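To keep things clear, I will list the structure first and then write my remarks on it.
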Amino acid sequence: MKYKQELAETLIEALEHEIQVKDIEMLIEKPKSQLHGDLAFPCFTLAKLKRKSPNVIAQELSEKIQSPLFEKIEVVGAYINIFLNKKLVSEAILAEITKQKEQYGALAIGNNHNVTIDMSSPNIAKPFSMGHLRSTVIGNALAFIAEKCGYKPIRINHIGDWGTQFGKLITAYKLWGEAEKVKQNPIKELLTLYIKFHEEAESDPSLVEQGRSWFKSLEDGDEEALSLWQWFRDESLKEFSRIYELMNVQFDSFAGEAFYNDKMDRVVELLEGKQLLIESDQAQVVELLEEELPPCLIKKSDGATLYATRDLAAALYRKENYEFDLSLYVVGNEQSLHFKQLIAVLEKMGYPWAKKMVHIPFGMMLKDGKKMSTRKGKVVLLEEVLNESIEMARNNIEEKNPNLSNKDEVAKQVGVGAVMFHDLKNFRMNDIEFSLEEMLRFEGETGPYVQYTYARGCSILRKASGYTEASLQASSLSWEKEWKVVMLLTEFPNAIKRSFEQFDPSQIAKYIVDLAQAFNKYYAEVKILEENAEQQARLALVSSVTIVLKEGLRLLGIEAPEEM
Ligand code: ARG
C-alpha cells in the first residue's frame, strides 16, 4: 500500500516542490495509538527550513492537503494527523493480497543476484551444537527472506572437516578405538575418543606430537589417514542429515573446509605475489596493523594451513563460482575477530567485493542461564531435543484434537516449528534461554500460537463458501473493527524489507505474532461467519490473514498445518 507515498506526494505539492519526496517520506511517522490517526507528519524540520513556528506550518499545510485516501485530517500542535479512508484502504489491500496470494510482499530489490549464505557448518566427529542450530535456523530464514527480496540464495554448509583436531582423533582412534563402537554410535564414540585424547595428553605430551604428525599425513594425502577421515566424515554427515531432514533444511553446497585443500596454495601464492605474507615466529602471517587487528595466521611453522587460510580460499571460490552480490556468514559472535581479519586480508589483497561480505553474528543458547556446552561430555543432543519437542507436540494434539488425521506430520511441523520460532523471535544478538515448555505454549509469542491462528483461519474458510472481489466492494462494512488487522496487513512488505536490511528474521517473527494477536482479538469480537451483507468482506480479511501468516512462517522456514 502506497498511502505513505501518497501523503508524501500531497505534501510536496502543497509545499510547491521545495523539498524532495524521500526527505518528506522519512519524516512521516506512525502514531503510537490509532486514536491519533494512521499517519502523522511532524512539522519541526519544515519549521527550521522556513523559519516559522511549527504549529503555524502544521495548520497552513493541513489546509492544503487532500486525497481520496484521507478520511480526516487533524492538527495537534506541530503534528498533522491523517486518518485514512478505511473502506478504500481495506478494499484495496484485500484485493491486492487476494490477487497476489503468497507473492504478496515480494520485493524487487535483488535483481536475481546471488547471495551466498554460509550457514549451519557443524564440525564432523562432534555433536551438532546449539550454536549450529542457531546458524542453521537463522541462515535458512535469511535465505528465504533474500529470495523474497528478489535475490537468489545459495545455502552453503561449510562443514568443519579439516584441521589439526583430525590428527588427534586419528591418533586416539588408532590407540583406543573400536570400529564396531564407532559404527553403532559414531559421533558419541568419536567425541569420547577425542575427550580421552585430551585427558591423556595432559600426562603424555608425546600424544600431541603424534596428533600433529597424523594431521601432516592427512594433509600429505596418506591413504590410511584419509580413509579414516573419510569414514568419520561420512558417518557424521549421516547424523547431521537426519537433523536437516527434521528441520526441512536443504543446502546447495556441502563444500566444507577439506574441499579447499587443493585451493590453498593459490591463496598463499597470491599473498606472496602481493607481498603481504611475512614470517613471524616461523609462521606465515598477514599483518593487519592499520586495521588494528592481530595478524592473520596463514601457515604454521610445519606448513600446516589454518581455518583462516581455508576461509580465504572459500571466499575466492565463492566469488568466482557464484559471482555473489552479497556473501553472508551466519556464525556465532565468538568468531567476530576471525571474520574481521578475513575481510581485512581480502581488502588488502585488493578485492573490492570483500566489502560485500557480512558476518552475521548471534548470541548463545542458554540453559538455566548458563552456556550449553558440548565440551567435557556435557552434551545436549539436538536430535533428542527436536524429537522431544515433537513428542510434546504430539501429546498436545492427543489432548486437544484426538481425531486429527495426519497427527505425525502435524506433530513434526509444530514441534520443530516451535524450536525454530523460539530462536527466530528474538533479535539474533540476544542470548536465549532454552525451554521446551516455553516454546510449545499455545499462548504468547510462540510458533504454535501463530500456527494455531493460521489453522483457525483455515477452519473458518472451510466452513464458508468463497467470496468474490465484487462482493468485497459491495459490502457495507465500515472496517472499524477490522482496521487494526488491515493496517497490519499493509505492513507485511515493510517487515520483510526491514528484516532483510538488518539481516534480522525476528522482524518477521514479531510481525506475524502481532498479526495473529490482532486477528484473534477480532475473532473474539466479531461473528465472522454470520450470514449477512458483510460476510464476504470479512471472509476476504480472514483469507488475507491466512495467506500472510503462512507466508510469514514460510519465510522463517516453518510449516503451517491447516488443522492442528
Ligand atoms: N565449523 C565452524 C564452527 O563450528 C563454523 C564455520 C563457519 N563458517 C566459516 N566459513 N568459517 O565453529
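It should be emphasised that the depicted structure is a prediction, and the values quoted were computed from it without experimental measurement.
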So do the side chains of Glu391 and Asn396 get within less than 4.5 Å of each other, counting heavy atoms only?
no

Closest non-hydrogen atoms of Tyr454 and Pro561, given as atom of the first, atom of the second and distance, are CD2-O, 3.4 Å

Can a salt bridge be assigned to the pair Glu491 and Lys30 using a cut-off of 4.0 Å between side-chain N and carboxylate O?
yes

Tell me whether Arg394 is salt-bridged to Glu398, with the criterion being a basic N under 4.0 Å from an acidic carboxylate O.
yes

Quick one, Ser33 with His36, criterion side chain to side chain donor-acceptor pair (under 3.5 Å). Give me CA distance, side-chain angles, the key distance, then yes/no.
CA-CA 6 Å; Ser33 152; His36 297 127; 4.6 Å; no

Let me see the working for Ser327 and Thr116 under side chain to side chain donor-acceptor pair (under 3.5 Å), right down to the final yes or no.
CA-CA 5 Å; Ser327 176; Thr116 55; 3.1 Å; yes

Going through the distances and angles, do Ile117 and Ile156 end up as a side-chain contact (heavy atoms from CB on, under 4.5 Å)?
CA-CA 6 Å; Ile117 305 172; Ile156 302 176; over 6 Å; no

Glu482 versus Ser90, side-chain donor and acceptor atoms under 3.5 Å:
no

Tyr79 versus Glu74: any side-chain heavy-atom pair under 4.5 Å?
no

Could you check whether Trp353 and Asp325, counting side-chain N and O atoms only, form a donor-acceptor pair closer than 3.5 Å?
no

With a 3.5 Å cut-off and no angle check, do the side chains of Gln250 and Tyr244 form a donor-acceptor pair?
no

Tell me whether the NZ or CZ atom of Lys148 lies within the 45° cone about the ring axis of Phe500 and under 6.0 Å from its centre.
no

Can a salt bridge be assigned to the pair Glu60 and Lys52 using a cut-off of 4.0 Å between side-chain N and carboxylate O?
yes

Is any side-chain N of the basic residue among Lys4 and Glu6 closer than 4.0 Å to the acidic one's carboxylate O?
no

Report the C-alpha distance between Arg155 and Asp118 in whole Å, list the side-chain angles of each, state the deciding distance to 0.1 Å, and finish with yes or no for salt bridge (charged side-chain N to carboxylate O under 4.0 Å, His left out).
CA-CA 6 Å; Arg155 294 171 172 83; Asp118 186 306; over 6 Å; no

Should we say atom NZ of Lys484 is surrounded by more than 12 heavy atoms from elsewhere, each under 6.0 Å from it?
no

I'd like to know if Glu347 and Lys355 make a salt bridge, using a cut-off of under 4.0 Å between side-chain N and carboxylate O.
yes

Heavy atoms only: give me the nearest Ser135-Ser120 pair and the separation to one decimal.
OG-N, 2.6 Å

Does Tyr3 use its side chain to pair, donor to acceptor, with the backbone of Asn85 at less than 3.5 Å?
no

Would you say that more than 12 heavy atoms from the other residues, nucleotides or ligands in this model lie under 6.0 Å from the NE2 of His338, or not?
yes

For Ser506 and Asp504, test the side chains for any donor-to-acceptor distance below 3.5 angstrom and give the result as yes or no.
yes

Would you indicate whether Lys407, at its atom NZ, is surrounded by more than 12 heavy atoms from other residues, nucleotides or ligands within a distance under 6.0 Å?
yes

Whether over 12 other heavy atoms sit under 6.0 Å from Gln66 CD
no

Just checking, any donor-acceptor pair under 3.5 angstrom between side chains of Gln502 and Gln507?
yes

Please enumerate all residues that pass salt bridge (charged side-chain N to carboxylate O under 4.0 Å, His left out) together with Arg554, with sequence neighbours excluded.
Glu551

Is Lys497 atom NZ crowded by more than 12 heavy atoms from other residues, nucleotides or ligands, each under 6.0 Å away?
no

On the ring face of Tyr523, is Arg456 found with NZ or CZ under 6.0 Å from the centre and within 45° of the axis?
yes

Ile28 to Ala8 - nearest heavy-atom pair and separation
CD1-N, 3.9 Å

For Ile73 and Ser62, the nearest pair of non-hydrogen atoms, with its separation, is CG2-CB, 4.0 Å

Counting only heavy atoms not in Lys481 (residues, nucleotides, ligands), do more than 12 fall under 6.0 Å from its NZ?
no

For the ring pair Phe492 and Tyr511, is the centre-to-centre distance below 6.0 Å?
yes

Counting only heavy atoms from other residues, nucleotides and ligands, does the tally under 6.0 Å from OH of Tyr452 exceed 12?
no

Looking at every non-hydrogen atom in both residues, tell me the closest pair between Gln535 and Leu529 and how far apart they are.
NE2-O, 3.1 Å

Report all side-chain donor-acceptor pairs from residues 439-450 shorter than 3.5 Å, counting only partners two or more places apart or in another chain.
from: Arg441; atom 1: NH2; to: Glu438; atom 2: OE2; distance (Å): 3.1
from: Thr446; atom 1: OG1; to: Arg441; atom 2: O; distance (Å): 2.6
from: Thr446; atom 1: OG1; to: Tyr449; atom 2: N; distance (Å): 3.1
from: Tyr449; atom 1: OH; to: Asn520; atom 2: ND2; distance (Å): 2.9

For Pro31 and Gly37, the nearest pair of non-hydrogen atoms, with its separation, is CG-O, 3.4 Å

For Glu530, I'd like to know if atom CD has over 12 heavy atoms of other residues, nucleotides or ligands within 6.0 Å.
yes

